[in-house]
Colleague: 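Below is a structure I'd like to ask you about.
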Amino acid sequence: MKTLLTTLALAAGLTAAAQTANTHELVIQTKKVGAKIQPTMYGLFFEDINYAADGGLYAELVKNRSFEFPGNHFQGWKTTPNVQMMSEGGPFERNPHYVRLNGSGHGHKRTVIENEGYFGIGVKKGEKYRFSVWARTVKPNGTAKILAEIADTKSMGEHQSLAGAEITINSPEWKKYEVELTPNKTEEKAVLRIFLRGQNGADVEHVSLFPVDTWNGHKNGLRKDLVQALADIKPGVFRFPGGCIVEGTDIETRYDWKKSVGPVENRPLNENRWQGTFEHRFFADYYQSYGLGFYEYFLMSEEIGAEPLPILNVGLACQYQNNHESAHCPVDHLQPFIDDAIDLIEFANGGTDTEWGKLRAEMGHPEPFNLKFLGIGNEQWGKEYPERLEVFVKVLREKHPEIKIIGSSGPNSEGRDFDYLWPEMKRLKVDLVDEHFYRPESWFLAAGNRYDKYDRKGPKVFAGEYACHGANGKKWNHFNAALLEAAFMTNLERNADIVHMATYAPLFAHVEGWQWRPDLIWFDNLRSVRTCSYYVQQLYSHNKGTNVLPLTMAGQPVSGQEGQDGLFASAVWDNDAKTYIVKVINVGDKAQPITLNFTGLKKKTTLTDGKVITFHADDLLKDNTVDAPNTIIPVESSIAIDGNVLNTQIGPKTFCVYKFVKNGK
Ligand code: AHR
């Protein structure tokens, strides 16, 4: 009898789910609302690699607009005779070169300069483009005329011009002239020409062409489709400006934020750290105009709702390119670097009566940007790093205890540097540690428990650069890599008490200008595409919830361990939407029956409005492309739940997000 009763009682205690043969029962303990998920949890990492800034996010269409590319000041330009490079008497101290258009001396000959843009100049039919130029007449009296023209050099038509406008230069003093051009045809690889009309010479400088329709219509603005893609992720944090460009090949070519603010015409050119780096993906003309500078980064962060997270140089040049002590700033000479950090906080947060706060106001933003986080050093290693960071920490803690400091654990996810730097970061009491892991499939599959065992007392984790890089030559964007990122991210989510930020990297790549892949968003001169990895980031960000919920299978976290049949899972509670959200990833080749069992709900509580968002691709090695951008996208459908138990099945190689609204207390 006792046995029978026990059996009955046990049977009653069993969920409907457990009665389903061979199911994987995922138990979600709704009563144990756990750690808060930080608003910064899922964010974005931006670096000017792959022509992500000039030629990408920064909407300027003219390359070498200030004629400052070193070596060849005419790089990116074609010129006729009678065009002279000048370097004395220009309007901008930090960009001294400009161009003199002299009369051709012949009625049937033209004087022209023609810009090739970044892999061409992309223009759309009927859209407005703002051409601007600083100019003066060569002669002290009279006027000069120029024609600004967008042209299609491949056209078989009678005219190559897509749009053009004449400008009269009416002063021997430098002035800015502006005109709008509206192309009559869409062309991905147009050129910009400036003709001198007549024989009266003109000097020209800072030749610029922007779409009028930039993100939020800003002048000196950003490419609308690309910022929209960022905004659509709803990122919690925006990290900039890198990556290795924070360090520069040499200290002199590090990203120097002070050169990136103030009037755009006078921001000096900088050599990009990725200029000429690789023989297999070689680009001889990769420079930073600094047109996309710290003001623009802060403004965009604000507009897309992300916390700004600048990373500053710690006094070290890129250690990959320059790993010898003499390349770096000596520890006792760090003051200018420390000043950069202190001044940056003033630029972002200071009153308009302070030096840097005033500049921010003059640039158009009197209100503070509310900077809260600051990274010092990017991917550093060795004792060189903590000995420098320590000096920063001391000063920052004293002057700005409100700012959270982010240190680095180096370029590797584990190993000698990592094992040395984490204890050092604890010793220095930084707030967060930036971890980087570009790793193959095997690593992502095995790392499902990475953060479960982390010390809860030390600094928090910022997974600051990561991506699944396919093994065996599959280092390109494809669905399987994105799926494994999704699987790994259950581990971030489950450990949201210590993982406070995570940013996939790199963010952008021009289809013709990339040095590094995979990347989150690809673009050409007119179009952009969101990759499978993008959709994984978006699914996590849109469904991040407010608190972690314990989710286990047979008492264990579901993290792709032996016997778990390729399943990864995590659960959150969204207190704003009163919704339970469960993410399940099946990395295996077979469909798996699963049961979601929401335990601890009161009798009167019901789960309604069930939804499942399914992300799957039949061809694991494919991704979306600019030609076929919507091939692999998440699909949402309704799903019915029986009481507090969902019996369902997850297909092979599939990421599902299940959502149920809680009704009642
Ligand atoms: O994201 C590309 C590069 O990877 C970053 O510049 C660097 O931090 C890392 O090595």
Side-chain angles (χ1 to χ4, degrees), residues 43-54 56-57 230 235 237-251 253-257 270-278 280-281 283 286 288 292 297 309-323 375-382 384-385 389 406-415 417-418 421 432-440 443 461-470 475-477 481 485 501-510 513-522 531 533-534 537:
L44 299 167
F45 159 97
F46 180 88
E47 175 168 29
D48 189 2
I49 183 174
N50 306 320
Y51 286 80
D54 292 279
L57 184 62
L230 304 186
V237 65
F238 182 76
R239 168 184 171 160
F240 58 90
C244 289
I245 70 161
V246 167
E247 299 141 20
T249 296
D250 309 296
I251 280 286
T253 56
R254 73 187 185 280
Y255 194 103
D256 184 341
W257 77 265
N270 192 35
E271 184 184 300
N272 191 299
R273 147 72 171 77
W274 300 101
Q275 150 97 321
T277 305
F278 302 122
H280 66 287
R281 295 287 309 168
F283 300 92
Y286 200 175
Q288 297 175 291
L292 169 51
Y297 286 128
L309 167 47
I311 309 284
L312 292 183
N313 190 298
V314 69
L316 294 170
C318 176
Q319 288 172 277
Y320 281 111
Q321 292 183 316
N322 253 326
N323 204 11
I376 306 291
N378 172 46
E379 218 170 54
Q380 323 300 164
W381 61 81
E384 301 84 315
Y385 179 47
L389 180 61
I406 298 174
S408 166
S409 60
N412 296 308
S413 48
E414 48 270 307
D417 298 323
F418 184 89
L421 282 175
L432 290 107
V433 176
D434 179 12
E435 296 191 348
H436 293 185
F437 35 91
Y438 299 103
R439 290 289 181 261
W443 187 92
V461 173
F462 169 30
E465 289 186 35
Y466 70 94
C468 176
H469 284 188
K475 195 170 169 287
W476 67 77
N477 284 92
E485 287 152 10
M501 295 179 185
T503 56
Y504 175 101
L507 184 55
F508 284 123
H510 191 294
W514 61 272
Q515 296 86 49
W516 179 297
R517 61 181 186 179
D519 306 285
L520 208 63
I521 299 165
W522 287 78
T531 62
S533 291
Y534 174 97
Q537 295 297 318

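The chain is numbered in sequence order, starting from 1. Keep in mind that the numbers below use all heavy atoms, side chains included, and drop hydrogens, waters and symmetry copies. A quick note: this is a predicted structure, and the numbers were derived from the prediction, not measured. Remember, it's 1-based here, ligands and their atoms both numbered in the order they're listed.
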Colleague: When the ring centroid of F437 is compared with that of Y466, is the distance short of 6.0 Å?
Modeller: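 Yes.
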Colleague: Spell out, as yes or no, whether a donor-acceptor pair under 3.5 Å connects the side chain of D48 to the backbone of Y51.
Modeller: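 A pair under 3.5 Å: no.
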Colleague: So, the side chain of Q515 versus the backbone of G513: is there a donor-acceptor pair under 3.5 Å, distance only?
Modeller: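 Looks like yes, one N/O pair under 3.5 Å.
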Colleague: Going by distance only, is there an N or O of W516 that falls short of 3.5 Å from an N or O of ligand 1?
Modeller: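 The answer is no, given that W516 and ligand 1 share no N or O pair closer than 3.5 Å.
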Colleague: Considering only protein heavy atoms, which is closest to atom 1 (O) of ligand 1, and at what distance to one decimal place?
Modeller: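 The protein heavy atom lying closest is Y438 OH, 2.6 Å.
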Colleague: Side chain or backbone, does P506 bring an N or O within less than 3.5 Å of an N or O on ligand 1?
Modeller: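 Such a contact does not occur with ligand 1.
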Colleague: For ligand 1, does N378 get within less than 4.0 Å through its side chain, its backbone, both, or neither, judged by non-hydrogen atoms?
Modeller: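 N378 to ligand 1: side-chain contact only, backbone stays beyond 4.0 Å.
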Colleague: If you round to the nearest 0.5 Å, how far is NE2 of H436 from CG of N412?
Modeller: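 Between atom CG of N412 and atom NE2 of H436 there are 11.0 Å.
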Colleague: Heavy atom under 4.0 Å from ligand 1: found in W274's side chain, backbone, both, or neither?
Modeller: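 The answer is the side chain of W274.
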Colleague: Polar-atom distance check: E379 versus ligand 1, any N or O pair below 3.5 Å?
Modeller: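 So ligand 1 has an N or O lying under 3.5 Å from an N or O of E379.
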Colleague: Below 4.5 Å, heavy atoms only, C-beta onward: do Y385 and S408 meet side chain to side chain?
Modeller: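 Yes, at least one pair of side-chain atoms sits under 4.5 Å.
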Colleague: Keeping E47 on the side-chain end and C244 on the backbone end, is there a donor-acceptor pair under 3.5 Å?
Modeller: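 Here the side-chain-to-backbone pair exists.
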Colleague: Nearest protein heavy-atom contact for atom 4 (O) of ligand 1: which residue, which atom, what distance?
Modeller: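 Nearest neighbour among protein heavy atoms for atom 4 (O) of ligand 1, to 0.1 Å: E465 OE1, 3.1 Å.
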Colleague: Is there a polar contact, in the sense of an N or O pair closer than 3.5 Å, between E47 and ligand 1?
Modeller: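 Yes, at least one N or O pair falls under 3.5 Å.
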